[in-house]
Amino acid sequence: MAGYDPRTFEEKWYTAWSESGAFAPASPKPGEKTFSMVIPPPNVTGSLHMGHALNNTLQDILCRYHRMLGEATVWIPGMDHAGIATQNVVEKQLLAEGTDRHALGREAFVDRVWKWREESGGRITEQLRRLGVSCDWSRERFTLDDGLSRAVREVFVQLYEQGLIRRDRYLINWCPRCHTALSDIEVEHDDRDGHLWHLRYPFADGSGHITVATTRPETMLGDTAVAVHPEDERYAELIGRELVLPVLGRRIPLIADSYVDREFGSGAVKITPGHDPNDYEMGLRHDLPMISVMNEDGTMSSEAGEYEGATREDCRSALVKRFEADGTLERVDAHRHSVGTCYRCQNVVEPMLSVQWFVEVRGLADRTLEAIDEGRTRFVPAHWEKTYRAWMENIRPWCISRQLWWGHRIPAWYCDSCDRTLVSREDVQSCPDCNGEVRQDEDVLDTWFSSGLWPFSTQGWPDEAEDLTRFYPTSVLVTGFDIIFFWVARMMMLGLRFMDEVPFRDVYIHALVRDEYGQKMSKSKGNVIDPLEIVDEFGADAFRFTLAAFAAMGRDIRLSEDRIGGYRNFVNKLWNADRYRQLKADDVGDATCAMPEAPRLMPNRWIRSRLTAAVADVRDALDGYRFNDAAGRLYQFVWHEFCDWYIELTKVCFDGEQADREETLATLSAVFETTLRMLHPIVPFVTEELWQALPAQGRGEGFIMNAAYPDRRADWVDAAADDEVGTLIEVVRAARNIRAEMSIAPRVELQLHVGPGPARDVVERNAALITRMARLASIERSEEAPAGSAVAVAAATEIAIPVAEHVDLGAEAARLRKELDRIDKEVARLDKKLGNPKFLEKAPPEVVEQDRGKRDAAAAERETLAKSLERVQAIGGAS
RNA sequence: GGUCGCAUAGCUCAGCUGGUUAGAGCGCCUGCCUCACAUGCAGGAGGUCCCUGGUUCGACUCCAGGUGCGACCACCA
């Protein structure tokens, strides 16, 4: 029989599930419980990276779990057109071909992008399938689909009509490379080493100068004032006087504004309202002229005089050189400061005056805060709520227009004849007032404007759709913290505004995947691990299990291949457990997966009890999004309870009478079958493969992915069996420990003497099992440990193994001393605790009682071991 | 500057509402090809739970302060 090789079956099952329609939700029925999610739509330009792998694995675990719980489950996949990112990709291609989009023209360019999207875009959805994600592909959406585009227009028009969208001239963030405006959060702030140039601006009357400090000398061409603090004594007399701007000779006033920090630099600051947000605000306050000295491509404008046409950088160095020469430059300091860069191309963004479209989000943001207060949406882990709240409380108008061609074109038309602006759901052909010609706004909308509608636009809105009533609000959104502002916040605002209800009940925020050294993975660092290579090497199941096991809340994930290998071994272990099962099934025959009503044999009773305990724990963990707990508990159950102990114990049971053999095979099969269902959400492929090979009787038809998730079975809990096998395990471990510590070869069969004590009955009842597990020749009852034996205490009962004929008793003396040392400390610790009157007085009685029990047990064990040590030494073991 | 998170075995990390002999995986040491599995089996070594105070009968766990990392936000030229 073949060993575990994921490549032989993963694709097969994905195809089978997909073709059978298993990913689509059940048909609606009254009173149904639903579970719904929307995928965070990956960019069409994207290829699968670790972040996607984690995000979608966690979603798939939830999806499969809830589907198995019998809920009408839907997971809607799709992609984002990703305006800037996609346009950049195609523009790069054009550049390589020696042309550009302007040469092509708008229409041809957009066609070209669509063509690119058809051919090489969206590869990521194929890659997602390799992970086993069970999204309903029949519901796949794209943000530029007709339906979604209609939703975008509807939202835009309604917000415009309500006065929440307006067009305005404002200082915005401009990316000279992408040639578009950016919203505030699309600007990343980078600390960089720079300089602080101190420049002298002379007074118009020739009476000396004032020194200003700047990190961006080139903007001085746009200065329209110099400001000082109104209470700064150094400058009090000078306020109101005129200065002459170097180079351009423009006369600018010295004004007073309390924004100025007296401590910084010289206490005087040059004001460039056209290129700095603070200066802009000040410019508004003081009614200063606002001059744009730069063009949209980052070169200097006609306002820059002789520097017109130079790049920002060239202009800067030319000016500095000039100021050095003419004495305008007083001095230069090294200065580290924050620089705004474009989140798509990393170029330095330029604050620029520009006419753009804005959404007034204040009121929408407040509504989402109320919803959070009322607990209608819950963040998991909860602390992200605070981050969300802080941002929402300080939110500023959202700039939504982008000077791109790829995206939803703004549904606004301007009449050249009568100057009217028309915002409309349908394309406007001519001006309704003057019948004049109209032209549509050239710009497109921010990508996040359309993805902000995702939870309802994907489900048919603005039409009345069955999906919407069934599946909105969605149950949970699974995403990384990096897009809480970009995406989660926008969905909250737009969902509440247009659906009158939150878009999701829970927001599960997962960690970032880093490399094994804790570095963020990035192409430039070259430390990117390709998820598909991992899948190729270890299988999707092992990879998924690893991601789940790592997904502890609130901590970043350091992925290492060693760890993945460990979980591949786990899946292999499961595979081999099934080989064992099959072997026994062939041997015993008459297989069923139905759990025996009332198993008689202790191992069978025990494993059924452990199984239901595991089921309860795993369900609790998944219900609470504690993926790592679920994975850890499954690992522990499968490997250490089912394989290490139960399977080994069944080897004895299978040596028994036919009735015992049948009961054991049925239990083994039933527990295994249940375990597969319990594992399925995390490791879907291998569980399907193994489940299909199980006896049909007691298993059910179809796929395991449609089978029921294991129930919590109170009637399977068997405290007596838990105790008895627990004791058995303790005894076997004690015996094995003695053998190993004494270095007695495994082949040597030993005798075991069990003294009086609570475990004695258990040992005698289960002699066959213990003999096999501990490799014993026989088990005897004895009141006193035989001379020359090694002694241990298991389950408060003395266990003695004669070893004198095999080894020097000196080893036993040493072992006993070590044990005694340990137990001495334990007794001392407990004695001290119990000797404290305050503890006896204040601690809950059950805690005191528990500690008394522990103390007594430890004391008894101590005595046994001490006695044994005495005897060993008396016999003449080396001391 | 503000906010948040993290410091536990050599490494990567679990430890929920305070009472455990502080756990796992990997690595390490010893012995085993025992009829599912050497991707394995059995046994073992290894920890001042960052520091200092405090609350408490009792603190890895709660509180305060400190130190060291990390992240996010922020308009100081």
Side-chain angles (χ1 to χ4, degrees), chain A residues 1 3-4 185 189 196-197 212-216 219 227 259-261 263-272 276-282 335 337-338 351 381 383-384 386-387 390-391 394 481-482 484-485 512 516 518 520 538 542 549-550 552 554-560 562-563 565-584 620 624 626 628-629 632 635-636 640 643-644 647-648 651 732-733 736-741 743-747 772 774-775 822-823 825-826 829 833 836-844 846-848 850-851 854 858:
Chain A
M1 139 148 251
Y4 168 58
I185 54 173
H189 295 273
L196 196 56
W197 284 274
V212 297
T214 180
T215 55
R216 305 192 50 206
T219 64
Y259 157 80
V260 179
D261 179 356
E263 309 300 317
F264 192 93
S266 62
V269 56
K270 59 189 264 319
I271 303 300
T272 323
D276 180 279
N278 298 313
D279 295 4
Y280 177 76
E281 293 296 326
M282 209 183 295
H335 184 67
H337 63 122
S338 161
H383 69 259
W384 288 108
K386 201 165 175 178
T387 306
W391 190 67
N394 298 306
F481 61 81
D482 49 334
I484 291 180
F485 305 145
L512 221 63
E516 57 187 314
K520 201 168 170 175
F538 298 101
F550 266 117
R555 199 198 273 257
D556 286 349
I557 295 172
R558 296 192 190 193
L559 199 69
S560 76
D562 283 352
R563 190 75 180 255
Y567 290 116
R568 188 266 326 271
N569 296 352
F570 170 75
V571 180
N572 183 58
K573 187 80 178 170
L574 185 73
W575 181 270
N576 281 301
D578 184 64
R579 286 185 60 190
Y580 175 78
R581 195 216 95 242
Q582 286 191 38
L583 226 62
K584 295 301 173 187
D620 286 346
R626 297 191 324 272
N628 61 316
D629 283 350
Y635 188 97
Q636 147 76 20
H640 299 305
C643 291
D644 284 352
I647 284 187
E648 292 305 319
K651 289 176 181 174
V732 170
R733 283 205 169 123
R736 283 173 176 172
N737 175 266
I738 287 173
R739 178 195 296 274
E741 293 276 302
S743 299
I744 299 169
R747 297 187 177 291
R772 168 80 173 254
R775 295 185 151 258
R822 179 184 62 77
I823 204 78
K825 281 183 191 149
E826 175 74 0
R829 187 181 68 84
K833 202 170 175 185
N836 180 352
K838 282 189 175 167
F839 172 68
L840 300 179
E841 191 188 323
K842 300 211 173 176
E846 63 270 23
V847 171
V848 176
Q850 192 187 322
D851 279 353
K854 278 190 212 164

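Heavy atoms only: backbone and side chains are in, while hydrogens, waters and symmetry mates are out. Numbered from 1 within each chain, the chains take letters A, B, ... in sequence-line order.
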Nearest of B:G43, B:A77, B:A42 to any side-chain atom of A:Thr215?
B:A77
Euclidean distance, atom CG of residue A:Asp276 to atom C1' of B:A74 [Å, nearest integer]:
14 Å
Any A:Arg747 side-chain nitrogen or oxygen under 4.0 Å from OP1 or OP2 of B:C33
yes
Can you establish whether the number of heavy atoms outside A:Glu846 located under 6.0 Å from its atom CD is more than 12?
yes
Quick one: label A:Thr214 by what it contacts on the DNA or RNA (base, sugar-phosphate, nothing), any heavy atom closer than 4.0 Å.
sugar-phosphate
Report the relative orientation of the aromatic rings in A:Phe481 and A:Trp384; use parallel for angles under 30°, tilted for 30 to 60°, perpendicular for over 60°.
parallel
Counterpart base for B:A59, defined by Watson-Crick or G-U wobble contacts under 3.5 Å:
none
Given B:C76, B:A36, B:U39, the nucleotide with the shortest approach to the side chain of A:Tyr259:
B:C76
Select base, sugar-phosphate, or nothing to describe what A:Pro844 touches, counting heavy atoms under 4.0 Å on all strands.
base
Using purine N1 to pyrimidine N3 plus N6-O4 or O6-N4 for Watson-Crick, or N1-O2 and O6-N3 for G-U wobble, each under 3.5 Å, what pairs with B:G46?
none
Need the pair for B:G2. Rule: Watson-Crick or G-U wobble, both distances under 3.5 Å, any strand; none if unpaired.
B:C72
Rounded to whole angstroms, how far apart are CZ on A:Phe570 and C1' on B:U39?
13 Å
Looking for any heavy atom pair under 4.0 Å, which part of the strands does A:Arg829 touch: base, sugar-phosphate only, or nothing?
sugar-phosphate
Measure distances between side-chain N and O atoms of A:Lys573 and base N and O atoms of B:C37, and say whether any donor-acceptor pair falls under 3.5 Å.
yes
Which one, B:C73, B:C35, B:C76, comes nearest to the side chain of A:Phe485?
B:C73
B:C76 phosphate, OP1 or OP2, under 4.0 Å from A:His189 side-chain N/O:
no
Checking base pairs now: Watson-Crick or wobble, both atom distances under 3.5 Å. What partners B:C16?
none
A:Asn737 CG to B:C32 C1', straight-line distance once rounded to whole Å:
16 Å
Report the base-pairing partner of B:C11 (Watson-Crick or G-U wobble, both distances below 3.5 angstrom), or none.
B:G25
Give the nucleotide from the list B:A14, B:G43, B:A77 with an atom nearest to the side chain of A:Arg736.
B:G43
On RNA chain B, nearest-nucleotide positions of A:Lys270 versus A:Asn836: which is more 5'?
A:Asn836
Under 4.0 angstrom, heavy atoms only, what part of the nucleic acid is A:Ile271 near: base, sugar-phosphate, or nothing?
nothing
So, do A:Thr387 and A:Phe485 sit near enough that their side-chain heavy atoms are less than 4.5 Å apart?
yes
Output the rounded distance in Å from CG (A:Asn569) to C1' (B:C26).
11 Å
Heavy-atom pair with the smallest gap, counting every atom of A:Thr272 and A:Lys270:
OG1-NZ, 3.0 Å
Can you check whether A:Lys854 has a side-chain N or O nearer than 4.0 Å to OP1 or OP2 of B:U21?
yes
Using a 4.0 Å heavy-atom cut-off across all strands, classify A:Asp279 as base, sugar-phosphate, or nothing.
nothing
Answer yes or no: does a side-chain N or O of A:Arg563 lie under 4.0 Å from OP1 or OP2 of B:C13?
no
A:Ile744 vs A:Ile185, nearer the 5' end of RNA chain B by closest nucleotide
A:Ile744
Remember a base hit wins even if backbone is also touched, and classify A:Val571 as base, sugar-phosphate or nothing at under 4.0 Å, heavy atoms.
nothing
For the side chain of A:Glu826, starting at C-beta, report the closest nucleotide among B:U21, B:C57, B:U34.
B:U21
Measure the acute angle between the ring planes of A:Tyr635 and A:Tyr567, then classify it against the limits of 30° and 60° as parallel, tilted or perpendicular.
perpendicular
Where the side chain of A:Lys833 is concerned, which of B:G44, B:U20, B:C57 is the nearest nucleotide?
B:U20
Does a nitrogen or oxygen in the side chain of A:Lys842 sit under 4.0 Å from OP1 or OP2 of B:C57?
yes
Choosing from B:G25, B:A36, B:C76, which nucleotide comes nearest the side chain of A:Tyr635?
B:G25
Atom pair distance, as rounded to whole Å: CG in A:Asn572 and C1' in B:A36:
10 Å
Can you tell me if A:Lys386 touches the phosphate of B:G5, counting only side-chain N or O atoms and a distance under 4.0 Å to OP1 or OP2?
no
Now, which nucleotide makes the Watson-Crick or G-U wobble pair with B:G40, with each of the two distances under 3.5 Å?
B:C32
Measure from CZ on A:Phe264 to P on B:C76 and round the result to the nearest Å.
10 Å
Answer with yes or no whether the side chains of A:Asn278 and A:Tyr259 bring together a donor and an acceptor at under 3.5 Å.
yes
Quickly work out the A:Glu741 CD to B:G31 C1' distance and round it to whole Å.
12 Å
Any side-chain heavy atom of A:Lys573 within less than 4.5 Å of one from A:Tyr4?
no
Does B:G40 have its OP1 or OP2 closer than 4.0 Å to a side-chain nitrogen or oxygen of A:Asn576?
no
Looking only at side-chain atoms of A:Asp629, point me to the closest of B:A14, B:G5, B:A77.
B:A14
Lys/Arg N to Asp/Glu carboxylate O, A:Arg829 vs A:Glu826, below 4.0 Å
yes
Checking B:U20, B:C73, B:C57 against the side chain of A:Ala843 (C-beta onward), the nearest is B:C57
Distance check needed: B:A74 P versus A:Asn278 CG, whole Å only.
13 Å
